[in-house]
Structure formats: C-alpha cells, structure tokens
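The block underneath contains the structure these notes are about, expressed in structure tokens.
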Amino acid sequence: MVKICCIGAGYVGGPTMAVIALKCPEIEVVVVDIAAPRINAWNSDHLPIYEPGLDDVVKKCRGKNLFFSTDVEKHVAEANIVFVSVNTPTKTQGLGAGKAADLTYWESAARMIADVSKTDKIVVEKSTVPVKTAEAIERILTHNRKGINFTILSNPEFLAEGTAIADLFKPDRVLIGGRETPEGQKAIHALRDVYAHWVPVDRILCTNLWSAELSKLAANAFLAQRISSVNAMSALCEATGADVSQVSHSIGTDSRIGPKFLNASVGFGGSCFQKDILNLVYICECNGLPEVANYWKQVIKVNDYQKTRFVNRVVSSMFNTVSGKKIAVLGFAFKKDTGDTRETPAIDVCKGLLGDKAKLSIYDPQVSEDQITRDLAMKKFDWDHPAHLQPLSPTSNKQVSVVWDAYEAIKDAHGICILTEWDEFKNLDYKKVFDCMQKPAFVFDGRNVVDVNKLREIGFIVYSIGKPLDSWLKDMPAVA
Ligand code: NAD
Ligand code: UDX
C-alpha cells in the first residue's frame with residue numbers, strides 16, 4: 001500500500017494532499033506540520049486557509065484516508081513517498097540576503113527525514129527551490145544513513161491561490177523531474193501513477209531534475225513578466241489617452257500572445273512571483289550571467305514602480321497631501337478569493353499613504369484585523385518566516401482602523417482605493433457611497449473593477465489604472 005506523508009500543511013501542502021486523497025482513495029495521505037495551530041485548524045471546521053471548494057474536498061476524505069498531524073517523525077518514518085512542501089522564503093540575512101532562497105526549513109526537513117527513516121523512500125520536492133537543490137538534498141539524505149535508498153524527485157506545484165482546487169483537479173500539466181538512472185525512472189513512474197488517477201498521462205511531463213526545478217522558476221518569471229509588461233503599458237496609456245483594457249484585448253487576440261494574464265493592476269503580489277524572480281536573479285548572478293539577471297530584475301522594478309506610481313497618483317490628485325484625510329482601502333488580500341496577504345501590493349500602498357499621514361480604514365472580506373496589523377508592522381521579507389508563528393506587534397497603529405463592512409470603511413472618507421478585485425466592489429451602491437463621502441469624492445481603482453463612466457456621472461473623480469485620465473487629474477502635477 002502506498003503511504004504518502006507531506007511535510008508542510010500550508011497553501012500548497014494542504015490543498016494538494018487533500019486532492020490526492022480524494023482522487024486516490026486507496027492511498028493514505030498524512031499532512032504534517034510543526035505548527036500545532038495550523039494542524040488543529042485543518043482538523044476543525046475552520047480550515048486555516050480560505051480557498052473555494054477546499055472545505056468540500058477535506059470533508060469528503062478527512063478521517064478516511066486524509067489525516068493532519070503534528071507527529072512529523074512518525075508519519076515520515078511510515079511513508080513510502082514524502083512530499084516536502086515547506087516554505088522557501090527569501091533570505092533576510094547573510095550571503096545572498098534579499099535575493100537568494102532561504103533553504104533552512106527545507107534543510108531541517110531533509111535532516112529529519114534522514115534521521116527517522118528506516119525504509120527506502122521517494123522524497124519529492126514540492127516547494128519551489130533553486131535549480132540544483134536536489135543535489136544538496138541528496139547529499140544530506142544519503143550522508144546520515146547507510147543501507148536506505150532515497151530517490152529524490154522534483155514535482156513543482158503550479159496551482160494559483162483562489163483557484164487552487166480547480167487547478168489541482170484539472171492541471172495544465174504535472175511536472176515530474178528525476179535522475180536519468182533506473183532508480184530515478186522507477187520513482188518517476190511511481191509518482192506518475194499517483195497523478196494518473198485523474199490527470200491524463202499526456203499532461204504528465206517527465207524531465208530531468210534540473211529542468212523541472214528551473215521550469216518552476218521560469219514559469220513564474222514569465223507570468224510576472226507579462227504583468228509588468230502590461231503595467232508598463234498602463235503608464236504609457238495614462239500619458240497618451242490610450243485605454244489599457246483596449247490595448248490588452250487588442251494584443252491578446254493574437255494567438256501567439258493569448259488573452260490571459262494581461263490585466264493591468266496596482267502590481268502583482270503573492271508569495272511566489274517576487275521571491276522566485278529574486279531567486280532566479282541570484283542564480284544568474286552566481287552563474288556569471290549579470291545581463292540575464294538584470295533582465296529579470298527589471299520585472300520587479302516595474303512592479304515596485306507601479307505601486308509607487310499609484311500612491312503618488314492618490315496623493316497628487318488630492319491636492320498633494322493626504323495628511324489627516326480618511327482613505328477607505330477596499331481589499332487587502334493579494335488577489336480575490338483568498339485571505340492570503342503575503343507580498344500583497346496593499347501593504348506597500350498602505351505604507352506609502354501612511355507615510356503621507358493618511359488615516360486608513362481598511363476592509364477585506366477575508367483578512368482579519370490581526371493579520372493587517374501584523375503586515376503593516378512587518379519588515380520586507382519577514383512575512384514568510386513563517387507569518388503565523390510571529391507575535392503580533394504590541395502597538396496597533398492609530399492611523400489604521402480595520403472594519404468588517406465596505407460602507408463602514410467608506411463613511412466620511414475623502415477617497416477610496418480599491419486594491420483587491422473582490423466581486424462585491426463591482427456591485428456596491430456607488431450613489432449611496434458618494435452621498436456618504438467627503439467632497440470632492442475620489443475613487444482610485446487599482447484593479448479596474450469599477451465602471452469609470454458611471455462613477456463620473458455620479459460625481460466621483462475617478463482614477464483607474466491605465467484608463468484615460470479624468471480632466472481633474474490631467475490638471476494635477478505629473479506623476480513620476
Ligand atoms: P506556507 O508557509 O503556507 O506553508 C509551509 C508550511 O511548512 C508552514 O505551515 C510551516 O509551519 C511548515 N514547515 C516549515 N518547516 C517545517 C518543518 N521542518 N517540518 C514541518 N513543517 C514545516 O507555504 P506555501 O504557500 O504552502 O508554500 C510552500 C512552498 O510551495 C514554497 O516553496 C512556495 O514557493 C511553493 N509554492 C507556493 C504556491 C502558493 O500559491 N502559495 C504555489 C506554488 C508553489
Ligand atoms: C502564481 C502562479 O500563477 C502559480 O502558477 C504559481 O504556482 C504560484 O504563483 P498566485 O500567486 O497564487 O499564483 O496567483 P496569480 O493568479 O498568479 O496572481 C499573482 C498576482 O498577479 C496577483 O496579485 C494578481 O492580482 C496579479 N495579476 C494576475 C495581475 O495583476 N494581472 C493579471 O493579469 C494576473
């Protein structure tokens with residue numbers, strides 16, 4: 001009987017293993033984590049992450065062939081296949097700080113696997129790691145134990161948050177990389193058999209280890225690059241009177257370009273894009289490829305520029321100061337349908353506005369006040385070390401209030417910043433909103449969700465990323 005253990009019950013480990021358990025009823029799947037509160041939540045009615053469809057999947061298999069436990073060593077020892085899905089954040093200190101991946105969590109998991117194993121195991125890299133990590137992990141695994149065979153595979157995860165269950169049910173592809181040795185190929189087949197329960201075999205791609213590891217970094221870099229490209233265009237649209245939605249549609253109909261991932265925004269966020277590109281940049285630099293490193297660095301620079309540009313637009317439109325003004329922030333998560341705030345552009349935008357002494361009233365349907373307070377107090381890159389283990393900042397920021405209703409956030413505000421594209425922000429009663437705001441009433445739409453013309457008819461001064469500017473905004477000083 002195949003027994004799977006997954007180390008790391010996070011955004012990837014939890015949903016991925018739940019879907020494997022659902023699709024492979026004869027396989028026992030145990031997800032383990034050192035964080036007891038996370039495991040307790042997985043065993044409760046309030047799962048630790050919000051993901052559409054996840055509750056259903058977990059309810060169907062939990063207690064049957066899906067288990068969540070803090071008894072890490074026991075379940076690792078019993079498994080034939082061990083997935084490692086721990087966090088691999090950006091290093092904050094020492095060599096490569098601010099760029100390189102911090103493999104502390106991965107290394108400690110590998111050492112523990114080596115220590116507790118009494119039988120042969122396939123060890124699967126599920127976390128996103130620098131290319132060649134498998135080689136280092138192999139050394140750790142084989143160093144401590146004689147007579148036990150560990151075969152390492154790379155099986156990066158491509159799910160996106162908010163659509164994780166749909167992505168896992170019907171992936172574009174599953175990628176499995178392994179050594180080109182008989183043991184490596186045997187392990188690839190064993191893992192392919194697991195996925196083949198529901199993924200058509202022609203969508204299961206098998207490569208060598210390094211191609212699989214690098215493909216994950218490359219995929220995220222390409223996706224993020226598309227967003228930075230369209231965001232760079234959005235700045236030019238605002239300067240020229242072109243409309244970025246029309247430009248996106250026009251170029252997206254070219255089948256070589258395609259329509260997806262061309263939505264201009266206040267900037268991309270999430271736990272992966274920035275971290276993985278920085279990691280790629282570091283690897284290029286270490287391999288003596290500074291030109292390649294600089295090319296990818298630019299994707300991050302444009303993303304940072306887009307967030308700064310948004311803040312500058314808000315401040316310059318409101319008579320060059322937001323000091324003491326109430327700004328309603330609608331949406332804090334890095335995208336809709338998730339409560340995840342890791343690297344959300346909302347953090348940088350809120351910090352920028354707070355730097356100009358604004359008073360913020362923040363509403364997000366899935367993000368708690370504790371989380372927002374913690375995020376706004378945290379230093380760059382500290383969020384993933386891991387966020388749920390970090391203490392709450394003792395002093396809460398008096399410039400910030402967090403409320404549980406959009407209208408409450410908006411009441412008496414001078415301006416609204418839409419920072420996440422939650423559907424409910426499209427359907428607010430904007431006449432009612434206008435009536436309860438200070439005048440002139442501003443809307444800064446960082447996600448292109450509002451009907452600009454309709455809002456202008458009501459009386460709002462509207463800024464929407466990459467759209468032709470309101471005459472009011474045209475008269476304001478240029479935004480750098
Ligand atoms: P996460 O922080 O949500 O979960 C990681 C979990 O690992 C945490 O709960 C932590 O407590 C646990 N952990 C750390 N060290 C451990 C140890 N030694 N033993 C047991 N548990 C340990 O992270 P995530 O978002 O699930 O990401 C995991 C990996 O997957 C990262 O490498 C990430 O880059 C990659 N990834 C993430 C996504 C995504 O959408 N979040 C998508 C694809 C790939
Ligand atoms: C990403 C990758 O898509 C996924 O394959 C990988 O496994 C993990 O990283 P995720 O970060 O969960 O997934 O969400 P994604 O949908 O990629 O969005 C990332 C950010 O880009 C969000 O802030 C989103 O709002 C933004 N975005 C996305 C845009 O600004 N415009 C777009 O057109 C698409």
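One-based numbering, in listed order, for ligands and for the atoms of each. Numbers here are sequence positions counted from 1.
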Contact between ligand 2 and R447 is defined here as a heavy atom of the residue under 4.0 Å from a ligand atom; is it met?
yes
Looking only at heavy atoms of K216, does any of them come nearer than 4.0 Å to an atom of ligand 2?
yes
Whether R173 engages the ring of F158 as a cation-pi pair (distance to the six-membered ring centre under 6.0 angstrom, angle to the ring normal within 45°) should be assessed.
yes
Decide whether a cation-pi geometry holds between K23 and Y195; the criteria are a distance under 6.0 Å from NZ or CZ to the six-membered ring centre and an angle within 45° of the ring axis.
no
I'd like to know if [X] and [Y] make a salt bridge, using a cut-off of under 4.0 Å between side-chain N and carboxylate O.
X: K351; Y: D348; result: no
X: K99; Y: E285; result: yes
X: E238; Y: R309; result: yes
X: R179; Y: E138; result: yes

Under 4.0 Å from any heavy atom of [X], which atoms of ligand 2 are there?
X: G269; answer: 19 (C), 20 (C), 22 (C), 23 (O)
X: S265; answer: 29 (C), 30 (O)
X: C272; answer: 8 (C), 9 (O)
X: E157; answer: 7 (O)
X: L262; answer: 33 (O)

Hey, what's the ring geometry for Y50 with W422, parallel, tilted or perpendicular (30° and 60° as the breaks)?
tilted
Which word best sums up how the rings of F222 and W296 line up, parallel for under 30°, tilted for 30 to 60°, or perpendicular for over 60°?
tilted
Against heavy atoms of [X], which atoms of ligand 1 measure under 4.0 Å?
X: S271; result: 41 (N)
X: L159; result: 40 (O), 42 (C)
X: S108; result: 18 (N)
X: G10; result: 1 (P), 3 (O), 4 (O), 26 (O)
X: S85; result: 5 (C), 28 (C)
X: E161; result: 39 (C), 40 (O), 41 (N)
X: I7; result: 19 (N), 20 (C), 21 (N)
X: K216; result: 43 (C)

Between the side chains of [X] and [Y], is a donor N or O closer than 3.5 angstrom to an acceptor N or O?
X: K126; Y: N155; value: yes
X: K336; Y: T338; value: no
X: Q306; Y: S265; value: no

Return the option from [options] holding the heavy atom at the smallest distance from [atom].
atom: atom 28 (C) of ligand 1; options: V76, T104, V86, I49; value: V86
atom: atom 3 (O) of ligand 2; options: L223, D167, L419; value: L223
atom: atom 32 (C) of ligand 2; options: V266, N263, N231; value: N263
atom: atom 34 (C) of ligand 2; options: F273, F261, F334; value: F261
atom: atom 27 (N) of ligand 2; options: I227, T163, V12; value: I227
atom: atom 37 (C) of ligand 1; options: D33, T88, I113, V12; value: V12
atom: atom 18 (O) of ligand 2; options: K335, K336, E161, R342; value: K335

Side-chain heavy atoms of D71 within contact of V32, under 4.5 Å:
no
Could you say whether the N/O atoms of [X] and ligand 2 ever approach to under 3.5 Å?
X: L159; result: yes
X: A160; result: no
X: F268; result: no

The single option from I113, V76, V124 that satisfies side-chain contact (heavy atoms from CB on, under 4.5 Å) with V84 is I113
Determine whether a donor-acceptor pair (N or O, by modelled atom type, separation under 3.5 Å) exists between the side chain of [X] and the backbone of [Y].
X: E213; Y: K132; answer: yes
X: D167; Y: P171; answer: no
X: T341; Y: T344; answer: no

Please work out, at 4.0 Å between heavy atoms, whether the side chain, the backbone, both, or neither of C272 comes within that distance of ligand 1.
side chain
For ligand 1, does R111 get within less than 4.0 Å through its side chain, its backbone, both, or neither, judged by non-hydrogen atoms?
neither
Answer with yes or no whether M112 contacts ligand 1, where contact means a heavy atom under 4.0 Å from a ligand atom.
no
N or O contact, K126 vs ligand 1, cut-off under 3.5 Å
no
All heavy atoms of N303 vs all of S228, minimum pair found to be N-OG, 3.9 Å
Quick test: of every protein heavy atom, which one is nearest to atom 5 (O) of ligand 2, and how far off is it to 0.1 Å?
F158 O, 2.8 Å
